[in-house]
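Report on one structure; see the data block that follows.
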Amino acid sequence: MTTGTETAPFRRAIAIDDLGGGRFAAELGPHWTVGPKAHGGLLLVLLTRAGLARLDADAPGAAPDPLAVAADFLRAPDPGPVEMTTEVLKLGRTVSVVAVRMSQGGKAMLAATVTAGVLPDDEPQHADLPDLAPEPPADAFDPGAGQSVFGLSTSCDLRFDESSMTFM
């Protein structure tokens with residue numbers, strides 16, 4: 001718990017500074033490490049925060065929530081300053097994508113794409129699925145028996161229970 005001007009340790013660890021022009025800085029502290037290197041989860045949070053900040057600068061409020069993050073760990077950064085550069089790849093009505101690159105000492109450390117949008121705020125909808133038998137019924141459709149758009153049906157024994165396939 002913090003009081004006054006104190007900041008929680010993780011909040012300090014994920015702080016980013018806007019350098020302008022789609023560039024952001026962060027300081028990797030010594031506490032969020034594995035051995036001598038920065039923790040990968042912390043690095044993903046920093047990349048995501050930089051990506052979301054860039055999207056918010058370009059289209060305020062349009063994509064506030066991270067939907068997916070994909071990253072390549074090129075090198076393991078040491079504690080100390082890092083810089084992140086961003087490039088908006090797609091600014092969409094429902095989903096936006098931004099590339100984020102983290103460097104340290106002039107060397108590329110991580111490369112990521114952050115896909116963002118607006119998470120629904122309504123209750124999740126769950127479907128009650130029927131119990132399915134381990135074997136298909138005797139009258140199951142065999143897509144490999146004739147001409148088919150399922151190329152996989154020539155390599156695998158596929159059987160579709162038409163009663164559970166809404167597209168059939």
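Index from 1, following the sequence.
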What distance separates [X] [atom1] from [Y] [atom2], expressed to the nearest 0.5 Å?
X: L110; Y: D72; atom1: CG; atom2: CG; answer: 8.5 Å
X: R75; Y: S103; atom1: CZ; atom2: OG; answer: 10.5 Å
X: D161; Y: E135; atom1: CG; atom2: CD; answer: 12.5 Å
X: H39; Y: L28; atom1: NE2; atom2: CG; answer: 12.5 Å
X: L47; Y: L42; atom1: CG; atom2: CG; answer: 9.5 Å
X: T115; Y: D65; atom1: OG1; atom2: CG; answer: 12.5 Å

Exercise. Can you get from V98 to L91 by hopping between Ile, Leu, Val, Met, Phe, Trp and Tyr side chains that sit under 4.5 Å apart?
Worked result: yes
For this session: Verify the cluster assignment for V114 and V95: are they in a single hydrophobic cluster under the rule of side-chain heavy atoms below 4.5 Å apart?
Result: no
For this session: On the 0 to 90° scale, with breaks at 30° and 60°, tag the F10-W32 ring pair as parallel, tilted or perpendicular.
Result: perpendicular
Exercise. So, D18 side chain and G20 main chain: donor-acceptor pair closer than 3.5 Å or not?
Worked result: yes
Exercise. Is the side chain of R49 donor-acceptor paired with the backbone N or O of I14 at a distance under 3.5 Å, no angle test?
Worked result: yes
List the atom of [X], the atom of [Y], and the distance in Å for their closest heavy-atom pair.
X: E162; Y: F141; answer: OE2-CB, 3.5 Å
X: A50; Y: T86; answer: O-CG2, 3.9 Å
X: A71; Y: A112; answer: CB-CB, 3.9 Å
X: P36; Y: D78; answer: O-OD1, 4.0 Å
X: L55; Y: A116; answer: CD1-CB, 3.7 Å
X: L46; Y: M84; answer: O-SD, 3.5 Å

Exercise. Does atom CG of D121 have more than 12 heavy-atom neighbours from other groups under 6.0 Å away?
Worked result: no
Problem set entry | Residues which pass ring-ring contact (aromatic ring centres under 6.0 Å, His included) with F73, listed by chain and number, not counting sequence neighbours | none
Does the side chain of [Y] come within less than 4.5 Å of [X]'s, by heavy atoms?
X: V88; Y: S96; result: no
X: E83; Y: M102; result: no
X: R23; Y: T85; result: yes

Problem set entry | Residues forming a side-chain contact (heavy atoms from CB on, under 4.5 Å) with P64, sequence neighbours excluded | V118
Problem set entry | side chain to side chain contact (heavy atoms under 4.5 Å, CB included) evaluation trace for L67 with L119 | CA-CA 8 Å; L67 304 177; L119 289 171; 3.5 Å; yes
Problem set entry | Check against side chain to side chain contact (heavy atoms under 4.5 Å, CB included), E87 and L89 | CA-CA 6 Å; E87 176 189 2; L89 303 177; 3.9 Å; yes
